[in-house]
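Comments concern the structure below.
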Amino acid sequence: MPDNVCPEAAEHSVRRKFLSAAFYAGSSFLITAVNKTVLTTYRFPSFLCLGIGQMIATLVILYAAKMTKTIQFPDFSRSIIFKIFPLPLLYVGNHITGLASTKKLSLPMFTVLRKFTILMTMVLEIFILRKTFPKRLVYSVVAIVLGAIVAASSDLAFDLEAYTFILLNDAFTAASSVYTTKNLGTEGLGKYGVLVYNALITIVPTLMASALTGDLQKAVTFEDWVKATFIFCFLMSCFMGFVLMYSIVLCSYYNSALTTTVVGAIKNVAIAYIGIFVSGDYHFSWTNFLGLSICMSGGLAYSCLAFNTKAPGRNSAQEVKIQITEDSTGRR
């Protein structure tokens with residue numbers, strides 16, 4: 001199948017949908033653990049520089065693959081900026097707020113509050129991609145969000161700054177997922193073009209931001225650069241940053257932005273369950289555990305519906321439809 005074919009234009013096999021979703025879940029699980037090790041265990045002072053390392057890894061790997069003719073993507077031109085916009089801005093916001101919230105929140109509570117990304121993604125798909133959803137999928141999404149609310153209500157370690165970061169990260173992630181899906185159908189870009197030029201356009205302003213805030217200086221003078229274990233974890237985080245971005249694009253290509261988000265939510269609940277037993281910064285309560293269980297039930301229900309049924313037609317009586325009027329310019 002051509003690389004620039006819009007995912008909406010083709011029917012993909014259940015096997016490809018499931019494998020791409022599993023690949024994304026596994027990648028997301030690993031990078032969350034590695035980032036937590038770098039930022040919390042080793043106390044690396046700059047999440048911005050960690051994000052820059054992940055962007056550099058993406059560019060190096062994909063350009064090397066292009067030079068060996070393993071993959072193809074278009075050469076840079078001025079039109080690329082207009083084709084991919086506003087994805088780079090969303091990518092920067094997603095990186096910064098995501099790494100900041102990873103550093104400030106306990107791992108289980110981080111995964112709980114990430115559930116609000118699902119509702120935001122559904123709303124954006126309705127308004128931007130003009131999608132409609134069967135009621136059963138909507139109910140499963142509501143169950144996931146309800147479980148998150150129940151779980152978060154027991155958090156005794158409330159941190160306003162951390163919660164602000166995570167909610168902003170939810171919004172950036174939702175918008176990034178939807179616009180990634182939209183740009184996959186843009187002529188001439190394709191999966192690899194989206195990844196490369198997303199990283200290329202955003203790396204310069206992120207580097208400037210890290211220099212102006214003093215984060216770059218803190219990262220350069222970080223004392224653990226002499227430790228081989230830290231260097232390994234840092235490089236692994238950079239590599240996994242590329243793997244995660246590729247898995248997100250792949251899952252969105254074969255499934256949808258919403259399915260990608262829900263898969264991430266199921267993975268996060270699994271991490272939260274693990275954190276109950278192995279994380280030292282988790283405050284156990286039955287309310288939180290009940291909320292996690294509701295989240296998992298809703299996520300599994302969504303997965304069963306998404307992977308075992310075809311996308312419904314626009315005229316289905318079971319769909320939840322939202323009418324959006326055109327503005328004076330004729331745009332939707």
Side-chain angles (χ1 to χ4, degrees), residues 1-13 15-32 51 54-66 70-74 76 80-81 83-95 98 117-118 121 124-125 128-129 131 169 172-203 237-265 267 306-307:
M1 183 177 295
D3 188 46
N4 62 351
V5 173
C6 177
E8 296 280 328
E11 289 290 336
H12 301 297
S13 68
R15 181 172 177 271
R16 288 188 176 183
K17 289 182 177 182
F18 177 78
L19 289 177
S20 63
F23 177 46
Y24 165 59
S27 302
S28 185
F29 180 91
L30 288 175
I31 196 172
T32 299
Q54 294 173 353
M55 296 177 202
I56 292 174
T58 298
L59 292 173
V60 170
I61 292 171
L62 290 180
Y63 269 107
K66 183 179 181 179
T70 304
I71 63 172
Q72 292 182 349
F73 55 84
F76 182 79
I80 293 289
I81 299 176
K83 288 181 179 180
I84 203 169
F85 189 84
L87 194 55
L89 297 179
L90 300 174
Y91 181 75
V92 170
N94 190 23
H95 250 75
T117 305
I118 301 171
T121 303
L124 289 177
E125 281 201 321
I128 296 175
L129 301 182
K131 280 196 171 184
N169 185 232
F172 279 121
T173 301
S176 182
S177 296
V178 171
Y179 276 100
T180 295
T181 302
K182 184 177 181 180
N183 286 341
L184 284 173
T186 302
E187 184 178 357
L189 276 179
K191 298 189 291 291
Y192 303 113
V194 168
L195 284 172
V196 167
Y197 294 116
N198 204 15
L200 184 63
I201 293 172
T202 57
I203 193 170
S237 176
C238 293
F239 174 72
M240 287 306 303
F242 157 71
V243 173
L244 177 66
M245 290 307 301
Y246 178 68
S247 68
I248 290 173
V249 168
L250 203 64
C251 189
S252 298
Y253 180 80
Y254 286 120
N255 294 283
S256 68
L258 182 60
T259 297
T260 301
T261 306
V262 172
V263 169
K267 176 272 306 179
F307 291 124

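Numbering of residues begins at 1 and proceeds along the displayed sequence. Given the structure is predicted, the values throughout are model-derived calculations rather than measurements.
Contact record, S256 with E125: CB-OE2, 4.0 Å, taken as the closest heavy-atom pair. For the pair I84 and N198, the tightest heavy-atom approach, listed with the atom from each and the gap, is CD1-N, 3.5 Å. The two atoms that bring I80 and P74 nearest to each other are CD1-CG, 4.2 Å, heavy atoms only. For A57 against C238, the heavy-atom pair with the smallest separation is CB-O, 3.3 Å. Here the closest heavy-atom approach between residue C251 and residue A21 is recorded as SG-CA, 3.7 Å. Of all heavy-atom pairs between P88 and T202, the closest is O-CG2, 2.9 Å.
Rounded to the nearest 0.5 angstrom, I201 CD1 and F85 CZ are separated by 10.0 Å. Annotation: the span from S177 atom OG to L87 atom CG amounts to 9.5 Å, rounded to 0.5 Å. Between atom CD1 of residue I71 and atom CG of residue L62 there is a gap of 4.5 Å, rounded to the nearest 0.5 Å. Rounding to the nearest 0.5 Å places OG of S27 at 9.0 Å from CD1 of I248. The CD1 atom of I203 sits 4.5 Å away from the CD1 atom of I56 when rounded to the nearest 0.5 Å.
Between the side chain of S176 and the main chain of T173, no donor-acceptor pair closer than 3.5 Å is present. Under a 3.5 Å cut-off, the side chain of N255 and the backbone N or O of K17 do form a donor-acceptor pair. With T70 contributing its side chain and K66 its backbone, the two residues share no donor-acceptor pair below 3.5 Å.
Ring pair F242/F239 is tilted by interplanar angle, where 30° to 60° counts as tilted.
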Is there a side chain to side chain contact (heavy atoms under 4.5 Å, CB included) between L129 and V178? Walk through the geometry before answering. CA-CA 8 Å; L129 301 182; V178 171; 3.8 Å; yes

Taking it one step at a time, do Y179 and L124 satisfy side chain to side chain contact (heavy atoms under 4.5 Å, CB included)? CA-CA 9 Å; Y179 276 100; L124 289 177; over 6 Å; no

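Counting heavy atoms from C-beta on, the side chains of I118 and L258 come closer than 4.5 Å. Residues V243 and I31 form no side-chain contact, since every pair of their non-hydrogen atoms from C-beta on lies 4.5 Å or further apart.
Few gaps surround OH on Y24; more than 12 heavy atoms of other groups in view lie less than 6.0 Å from it. Within a 6.0 Å sphere centred on CZ of F23, heavy atoms belonging to other residues, nucleotides or ligands number more than 12.
Checked against the 6.0 Å centroid criterion, the rings of Y192 and Y63 do not qualify as a close aromatic pair.
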